Amino acid sequence: MEYNFRDIEQKWQQNWIENKVYKVANVSPKPKYYVLDMFPYPSGAGLHVGHPLGYIASDIYARFKRLKGFNVLHPMGYDAFGLPAEQYAIEHGIHPAVSTENNINNFRKQLDKIGFCYDWDREVKTCDPKYYKWTQWIFLQLFNAYFNRKTQKAESITQLIKTFEKEGNINHEIPNTGFQLPVTGNWKPETGNTFTADEWKTFDAFTQQSILMEYRLAYCGYGEVNWCEALGTVLANDEVVNGVSERGGHPVVKKKLRQWYLRITEYADRLLQGLQTVDFSDAMKEMQTNWIGKSTGAEIEFKIVLGEEHEVTEEKKGPIIHTSVSIAVTYAEETLKVYTTRPDTIFGVDFMVVAPEHDLIDHITTAEQKQTVDEYIAYVKSRSDRERQAEKKITGAFTGAYAVNPFNGKQIPIWISEYVLAGYGTGAIMAVPCGDERDFKFAKHFNIPITNIIGKHFNGEEANATKEVPLENSDFLNGIIMKDAIEIVVNKLVEMGIGKKKVNYKMRDAAFSRQRYWGEPFPIVWKDGVAYPVPEDKLPLELPEVKTYSPGPEGEGPLANIPDWIYQFQDADFIPPSGGKGALETNTMPGYAGSSWYFLRYMDNENENEFAGKQATDYWNQVDVYIGGTEHAVGHLLYSRMWTKALYDLGYISFDEPFKKLVNQGMIQGSSRFVYRLGNISYQIKCDKEAAFEYYNKNILIENEWQIIEKELLFQFTSFLSRIIPNIFLSKRHATNLDATAKSGLFIDQLNIITKNELEKNPNNFILSSKVEFDIINSLTINPLRVDVNIVDGFELDKEAFKKWRNGEFKDAILLGEALFNEAYICGDEIEKMSKSKFNTVDPSDLVEKYGADTFRMYEMFLGPVEQSKPWDTKGIEGVHRFLKKLWRLFYKEGSSAPSPSERAGGEAVWNQEKATDAELKILHKAIKKIEEDTERFSYNTAVSAFMVCVNELADAKCNKREVLEPLLIMLAPYAPHISEELWHALGNSNSILDAAYPTFNAQYLVESAKEYPVSINGKLRTNINIALDASQEQVEQIVLANDVVKKWVEDKPVKKFIFVKNKMINVVV
RNA sequence: GCCCGGAUGGCGGAAUUGGUAGACGCAGCAGACUCAAAAUCUGCCGUUCGCAAGGAUGUGCAGGUUCGAUUCCUGUUCCGGGCACCA
């Protein structure tokens, strides 16, 4: 009987649904285990073979843990809000809810075919009001909380108000240095941003609320966005290409808009500490650590001298530059604040650089420099942060102002440059060219003199960032090792009152609002310019139906266009003290809002009273294994960690790290295929004179693309042919060696045949009817086009399919194959991202249809390590399919004429109840050891190969014994659940294999008494010798040195060293 | 530019702690079965010299440590992911 995967898979999938075998209860005597996939975004393009990689890996693990006796939670759902659906709505007029629903259904169909063990009763969708009610609710918890630095945790904002009433904010300074919102109430913070209890009580409501906003974990402030005037909208970074919008190419500038933020920076230290308690890869921890970017340094205030008023003289005595200032100076009102991790280099500061956005620039730029500075700022405005940092070209402008070194009075020019970003530190740096490569290049480029403070350790050719050498040229620091000087300088600065030690984070607070429709509305109502929470009983605050998705008049989200929605509530809670109507917030939340807590909802997804019941979250607790790509390293993973910590602090859950272990799946890359279309050919043709003139008169020949050569009979043209016959394709060999192709007589003959054929098809073709004959080709170009990988077999193009492809766009294509005739056409290839637009996607459903889900699952795992990126190649799938057929034949005889699957008769079965021999049990237990270990550590590719080895060995041994086969099936069940279930029942079991017990490894079957030792002479392998495992070092030496091969290589040279590693190898050094 | 990862036969990969490089599979070659094909089975299969036995060489590149390096160290090239509004 044949292995009929279609019937088997259909039968069991149906059976599993009917019997609800994947339903998981929140109560169980078994230990719990939580296996989670990263939340998928249901894109319109559907699944390609890259997506299920992680899902299969987690599915195998979930099934494996179930066999090991755990109550396993393994849910799936959709991160369903997002930009693409809204963009699709704008372009096609289909409501995002509708297209999202379609996409989800399509996704589900594809997923179901692969046979996953998800408990679909726990499905969640972020765009479902029943779900986002709780996203909004959590937002309100964050809004109503602040981070108490004393206790290092989130606490209630009402608690903070009580504290203010009692003692002011003396013990709770405002977290950020500058106010996010301008305070225009009755308090003008001047020194230190502190106020007393009495002052607090005198503040009006607006002032109080503005101050509280500076503390809230979810707060409102101002931030820069990519603003596209022409489209009237805010654009995502990847919608901006080279400073213009991807759609339409309109200019994009930075614009400040009111935004919501999450105060994740307050959690920076706890996010760092938490990394020590979780099982993430070192690379992942490093990425998060770098992203948080904690550094310790100093903030230093420099007095500023305006440019006109200084006069500096420099005198060089030996290697030292003496600087003296001869004119009395007047200082600017403001000081320049810089953040530096290297205060020890203060005497090496040769210039300052401030970010082009810095407020100071307006005040300090001198009249002469104003135009230069303005022009430079205009240039920077059009550039993204990434471009600004990636730029190799050095740009900048001098403000004309100078800062003063507080220790020696040296005047330091203040520059602006795009490589300093406003958001990091104070938005200004002190540049030390001898110690920092970027500063060094800047100084060289603008001819700024460089002060050397590290003597011979600076060679003048490149900066040296050392901290380990003694300082020179540094006044009171001379001779002190740099890293020791750091503290000395900081102390001195503190003493002088112009600096302080400062911990800085690269991480910024997370922008939490989008000017879009398709996201969660904020449960916030604005009354007299103050944001108030919408009462919980109004949740969920649902999205309204809209007709258009265009932004509001000031760049707000589309909701701003719907007064009915904005003013929908009439209750007292929504009426401002000044009267009128309170307006709902019109921004919506970003994609990561819903995905920051979804793993909690799975635990108790139908709860209507809470985001998840405490009992459920206590039982399921942390996600034990979380599988997904590294692309989420610093976004989703940090935000969800922060939300978890906040919910923990506020007492809603009892764990403060969401994911105990993280497994990063690699990306499956696409292998794109190319065809090469002939482009311009510069060639000579023989053509009669009359025709040539007629072409010319009728403008068929374009000016400049032809010339007369050799009297008037030979003409040289370009691009002439491609206008008549556009679709001529060259096979890879010829397309990648154009010079040879151009010289090929065969190729020229072919072109002449093509034109002749064309003429036969169209006898009236005026152009061709003249005598046109190719003679010499001077040069040619080709245009590579991607072609759908699904119409290419390996590298050979299916020519008929190609002609039908894209509604017959290439139906007239002339494909010149490898020998320049009408034979095999070979495509070029390139490994790149798998994407619909590159025509290199492969649909898993097609493969499941052809080989079955079990084969597909195992093949995806067999491709390589889960963590590694690798290109997809469908070819190898046959091997895995053969393996399953071979397994099948251990149970059933292969029939020449297969009976129908329903006739699964015992007569064809070859499996038996005989007692297994030791040799057979050795095969089995070797497999148990390897497969169990490999599965546990996610090394699925080697586990699959161990299955293959085991089945090969059993087949060779002609072992069809149930005693061996049954445990093998149980091990296989996580990988290939359908065939395992089928054969499990064939062996006479009536329960499901899902609940079988995993076989136990017994080491006694693997005990060996001797080993074939590899023997090397001087590190080179020369022979193998079989030696008993319990042999002593002396015995081994004796045996080895007596061996003929060893003797031959040792000759008579004395043995210097004899290395014997038990159970490993032997090396003789002579 | 910055941060993280990767590179091993024609291809995907294996080698778990520094100890036989190339397991397993694909592709290829030769053969068996068959009227034939499919399916299946057997053998060969890094490169190179050699009839063979056997030798040399070989894990991106250049060095280093070691009795021994795909594995550790230094430098370097190329490729992939991320860089804060794609998800």
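For clarity, every value in this text was computed on a predicted model and none was experimentally measured. Within every chain, numbering begins at 1; the chains are lettered A, B, ... in the order of the sequence lines, protein sequences first and strands thereafter.
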From [atom1] of [X] over to [atom2] of [N], roughly how many Å is that when rounded to an integer?
X: A:His881; N: B:rA39; atom1: NE2; atom2: P; result: 10 Å
X: A:Tyr598; N: B:rA87; atom1: OH; atom2: C1'; result: 12 Å
X: A:Leu884; N: B:rA39; atom1: CG; atom2: P; result: 16 Å
X: A:Glu520; N: B:rA87; atom1: CD; atom2: C1'; result: 14 Å
X: A:Tyr41; N: B:rC86; atom1: OH; atom2: P; result: 12 Å
X: A:Met589; N: B:rC85; atom1: CE; atom2: P; result: 16 Å
X: A:Asn664; N: B:rG6; atom1: CG; atom2: P; result: 12 Å
X: A:Gln259; N: B:rA84; atom1: CD; atom2: P; result: 15 Å

Looking only at atom [atom1], what distance separates [N] and [M], rounded to whole Å?
N: B:rG75; M: B:rU17; atom1: C1'; value: 27 Å
N: B:rU20; M: B:rA30; atom1: C1'; value: 29 Å
N: B:rG81; M: B:rC86; atom1: P; value: 16 Å
N: B:rG60; M: B:rU70; atom1: C1'; value: 12 Å
N: B:rG18; M: B:rA52; atom1: C1'; value: 36 Å
N: B:rC4; M: B:rU8; atom1: C1'; value: 22 Å
N: B:rC67; M: B:rC45; atom1: P; value: 35 Å
N: B:rA14; M: B:rG25; atom1: C1'; value: 11 Å

Reckon [X] touches a base, only the sugar-phosphate, or nothing at all at heavy-atom distances under 4.0 Å?
X: A:Val1015; result: nothing
X: A:Met507; result: base
X: A:Ile1059; result: base
X: A:Gly591; result: nothing

Exercise. Quick one, give me the B/S/- string for nucleotides 20-33 of chain B, reading 5' to 3', where B means a protein heavy atom under 4.0 Å from the base and S means that only happens at the primed atoms, P, OP1 or OP2.
Key: B--BBSSS------
Exercise. Would you give a per-nucleotide map of nucleotides 72-83 of chain B, 5' to 3', where B means the base has a protein non-hydrogen atom under 4.0 Å away, S means only the sugar-phosphate does, and - means neither?
Key: --------SSSB
Would you confirm whether [X], through its side chain, and [Y], through its main-chain N or O, come within 3.5 Å as a donor-acceptor pair?
X: A:Glu796; Y: A:Ile826; value: no
X: A:Asn840; Y: A:Lys833; value: yes
X: A:Arg388; Y: A:Glu418; value: yes
X: A:Arg857; Y: A:Tyr975; value: yes

Exercise. Decide if atom CG of A:Asp282 counts as having more than 12 heavy atoms of other residues, nucleotides or ligands within a radius under 6.0 Å.
Key: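 Counting neighbours around CG of A:Asp282, 12 or fewer heavy atoms of other residues, nucleotides or ligands fall under 6.0 Å, so no.
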Quiz item: Would you say A:Lys255 has more than 12 foreign heavy atoms packed within less than 6.0 Å of its NZ?
Solution: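 Check passes, neighbour count above 12.
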Is the shortest side-chain heavy-atom distance between [X] and [Y] below 4.5 Å?
X: A:Trp872; Y: A:Leu863; value: yes
X: A:Asn1067; Y: A:Phe1060; value: no
X: A:Ser869; Y: A:Gln669; value: yes
X: A:Thr100; Y: A:Lys125; value: no

Quiz prompt | Cationic N near anionic O, under 4.0 Å, A:Glu933 to A:Lys929 | solution =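 Looking at A:Lys929 together with A:Glu933, the answer is yes, because their closest N to O distance falls below 4.0 Å.
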Self-check item: Electrostatic pair A:Glu239-A:Arg516, nearest N-O below 4.0 angstrom
Solution: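 Result for this pair is yes, salt bridge flagged.
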Quiz item: Quick one: does A:Gln515 reach the base of B:rC85 with a side-chain donor-acceptor pair under 3.5 Å?
Solution: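 It does, because a donor-acceptor pair links the side chain of A:Gln515 to the base of B:rC85 below 3.5 Å.
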Self-check item: Pair assignment for B:rU76, Watson-Crick or G-U wobble, requiring both distances under 3.5 Å
Solution: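 Result: B:rG60.
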Quiz item: Which one is paired to B:rA84, where only Watson-Crick or G-U wobble pairs with both distances under 3.5 angstrom count?
Solution: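 Base-paired to nothing in any strand shown.
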Quiz item: Given that A:Lys1048 and A:Glu239 both sit by RNA chain B, which one's nearest nucleotide is further toward the 5' end?
Solution: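 Final value for this comparison: A:Lys1048.
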Exercise. By nearest nucleotide on RNA chain B, pick out whichever of A:Asn290 and A:Arg514 is the more 5' one.
Key: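 Per heavy-atom nearest nucleotide, the more 5' residue is A:Asn290.
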Quiz item: Which heavy-atom pair separates A:Ser837 from A:Ser835 by the least distance, and what is that distance?
Solution: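 Shortest heavy-atom separation between A:Ser837 and A:Ser835 comes out as OG-OG, 2.8 Å.
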Shorter than 3.5 Å, N or O on both sides, protein versus nucleotides 56-59 of chain B: list them out with atom names.
from   : atom 1 : to        : atom 2 : distance (Å)
B:rA56 : OP1    : A:Arg1022 : NH2    : 3.4
B:rA56 : OP2    : A:Arg1022 : NH1    : 3.2
B:rU57 : OP2    : A:Lys1020 : NZ     : 3.4

Exercise. Measure the OG1-CZ distance between A:Thr135 and A:Phe522 for me, rounded to the nearest 0.5 Å.
Key: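 The distance works out to 11.5 Å.
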